[in-house]
Every structure is written in structure tokens, then in C-alpha cells.
Trainee: 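Sharing a structure here in C-alpha cells format.
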Amino acid sequence: QKEVEQNSGPLSVPEGAIASLNCTYSDRVSQSFFWYRQYSGKSPELIMSIYSNGDKEDGRFTAQLNKASQYVSLLIRDSQPSDSATYLCAVKTILTGGGNKLTFGTGTQLKVEL
Amino acid sequence: ETGVTQSPTHLIKTRGQQVTLRCSSQSGHNTVSWYQQALGQGPQFIFQYYREEENGRGNFPPRFSGLQFPNYSSELNVNALELDDSALYLCASSRFGGLLSYEQYFGPGTRLTVT
């Protein structure tokens, strides 16, 4: 079982629709979760972080976390063509040396069609 | 723009050679993490530096090494390059203090091609 799993897509949605991106993780002790957006040929850009069960909203983006089900999701309302990108789910793990690392899924490619 | 810078942008090396990649962290950040991203994959953690010491390492061989300087900038060195080392190398800076660590912000990356 992969540590962080995402559907690779592509997920196609019409402009103005809600895009729903999902992610599951295997480490039950994980406490911090992130969504990054990556345009083709660019580096990942942090768009949301979530630490507690429930919903967190920021503009058109809503992150949802369910630690019991080990599930994180990202909703994008009123999807725009500029939202077309790969969305990476990341889970933070504390390391024995005192540091921390992000473990990423392979990403879901989102295409917003006119 | 995150304020994290990396150099060079692109690099072409031959198998067996050595390479050094550089990263300057965002103002106010004291921790640097390095990741390798192969085409079509998510970034893979290489190691993390805090207070000029490596405080975490992923599943990468010892020929991947790093440094952090007093101004929190960092270098990633890769010896004996292999074809599979071709990837986008990402530096992420963050703030770390006590038991708390904060969000990681990525630089633009260095695209390394090994021929």
C-alpha cells in the first residue's frame, strides 16, 4: 500500500463546476496535511494546509479532513481554466532525528474545460 | 513567488560526474528540505537541514549529500551521477522552532539531465 494515494486522473470538469480531488494516507499518526498545485514545468505551490478534522475554506478552495477514515479532499468551486494543473496531496511525518518530511501522492491532473 | 531561489535553472551532466545545486531560503525561514521529482511522480524527500545539521534523511544513497550555511542557504551535492538521477530537484524552506514546524514553500527547482 502506498503511503499517500491519489487518483492520477485526468479529472475533467466544465468551467464553473466543482472539482473534487481525493487523497488517502496510511500513517494513522499523521497530523498535518497539505495540497499543492503544480503547473506543467513549474514547482509545487502550496494552496491549502489542514490540521484538524472538518472543513477549512479559503476563497474558492475547501480542504476536508477525516482522520478516522485517513482521508483528505480538496474542493475547488467555480472551476476556471487557470485551475488546470496537477494537484499534489502531501502528508507531514515527524522523523526520528527531530526533523520532518512531506510524503506526496503522485498527483491528480485536473482539466477545466471551456 | 515564495522568495525561495535555486540555481542553476537547468543543468546537463554526464554519467559519473558530480553536481552541486544551490538554494536560498525565504526570509525568516531556518530549515531547508530537498526533494527529487521524477517525471509523472510526486516529489521524494532527500534530506532536511536545520541549524547547519542534517536532521532527517529519506531513502537516498550516501552519494547524495548536503550542506546548510549560517545564512540558512543550502547546497545539494550528488556524486557519481547515474542516468536515473535525471529529475527536477526542489528545495523547500520552512520555519522550525521547538516542537513546531511550519509549511514548506518550494523554490522554482533545478532540472538536471544526466546523459
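A note on names: the letters A, B, ... follow the listed sequences, proteins ahead of strands, and every chain is numbered from 1.
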Trainee: Taking CG in B:N59 as the centre, count heavy atoms belonging to other residues, nucleotides or ligands within less than 6.0 Å. Is the count above 12?
Mentor: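 No, the 6.0 Å shell around CG holds no more than 12 heavy atoms from other groups.
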
Trainee: Which residue out of B:G56, B:G109, B:P108 racks up the most heavy-atom pairs below 4.5 Å with chain A?
Mentor: B:P108

Trainee: How about CZ on A:R77, more than 12 heavy atoms from neighbouring residues, nucleotides or ligands closer than 6.0 Å, or not?
Mentor: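 Yes, enclosed.
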
Trainee: How far apart are the closest heavy atoms of B:F96 and A:G98, and which atoms are they?
Mentor: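 Closest pair (atom of B:F96, atom of A:G98, distance): CZ-O, 3.5 Å.
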
Trainee: Kindly indicate whether the side chain of A:K42, heavy atoms from C-beta on, has any atom under 4.5 Å from the side chain of B:F106.
Mentor: no

Trainee: Considering only heavy atoms, give the residues of residues 102-114 of chain A separated from chain B by less than 4.5 Å, sorted numerically, with 'none' for an empty result.
Mentor: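 Only A:L102, A:F104, A:G105, A:T106 of residues 102-114 of chain A have a heavy atom under 4.5 Å from chain B.
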
Trainee: Going by residue number, which parts of residues 32-45 of chain B are within reach of chain A, meaning a heavy-atom gap below 4.5 Å?
Mentor: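 Within residues 32-45 of chain B, near chain A: B:Y35, B:Q37, B:G40, B:Q41, B:G42, B:P43, B:F45.
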
Trainee: Among the clusters formed by ILVMFWY side chains lying less than 4.5 Å apart, do B:L76 and B:L11 turn up in the same one?
Mentor: yes

Trainee: I'd like to know if A:I47 and A:L21 are part of one continuous hydrophobic network [Ile/Leu/Val/Met/Phe/Trp/Tyr, side-chain heavy atoms within less than 4.5 Å].
Mentor: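 Linked, A:L21 and A:I47 end up in one cluster.
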
Trainee: Would you name the heavy atoms of A:N100 and B:Q48 that are closest together and state the gap between them?
Mentor: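 The answer is O-NE2, 2.9 Å.
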
Trainee: Using every non-hydrogen atom in the two residues, find where A:F34 and B:E103 come nearest and quote the distance to one decimal.
Mentor: CE2-CG, 3.6 Å

Trainee: Might you confirm whether atom CD of A:E15 has over 12 heavy atoms from other residues, nucleotides or ligands at distances under 6.0 Å?
Mentor: yes

Trainee: Tell me whether A:I18 shares a hydrophobic cluster with A:L65, the cluster being built from Ile, Leu, Val, Met, Phe, Trp, Tyr side chains joined at under 4.5 Å.
Mentor: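 No: no chain of side-chain contacts under 4.5 Å links A:I18 to A:L65.
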
Trainee: Counting only heavy atoms not in B:R63, do more than 12 fall under 6.0 Å of its CZ?
Mentor: yes

Trainee: For atom CD of B:E53, is the number of surrounding heavy atoms from other residues, nucleotides or ligands below 6.0 Å larger than 12?
Mentor: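 Counting other residues, nucleotides and ligands, CD of B:E53 stays at 12 neighbours or fewer.
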
Trainee: Are A:L11 and A:L75 joined in one hydrophobic group, where the rule is that I, L, V, M, F, W and Y side chains link up if heavy atoms are under 4.5 Å apart?
Mentor: no

Trainee: Is there a path of hydrophobic side-chain contacts, each under 4.5 Å between heavy atoms of I, L, V, M, F, W or Y residues, that connects A:I50 with A:Y25?
Mentor: yes

Trainee: Looking only at heavy atoms, what is the nearest atom pair of A:P44 and B:L90, with distance?
Mentor: CD-CD1, 3.7 Å

Trainee: Measure the spacing between CG of B:L88 and CD of A:Q38 and express it to the nearest 0.5 Å.
Mentor: 7.0 Å

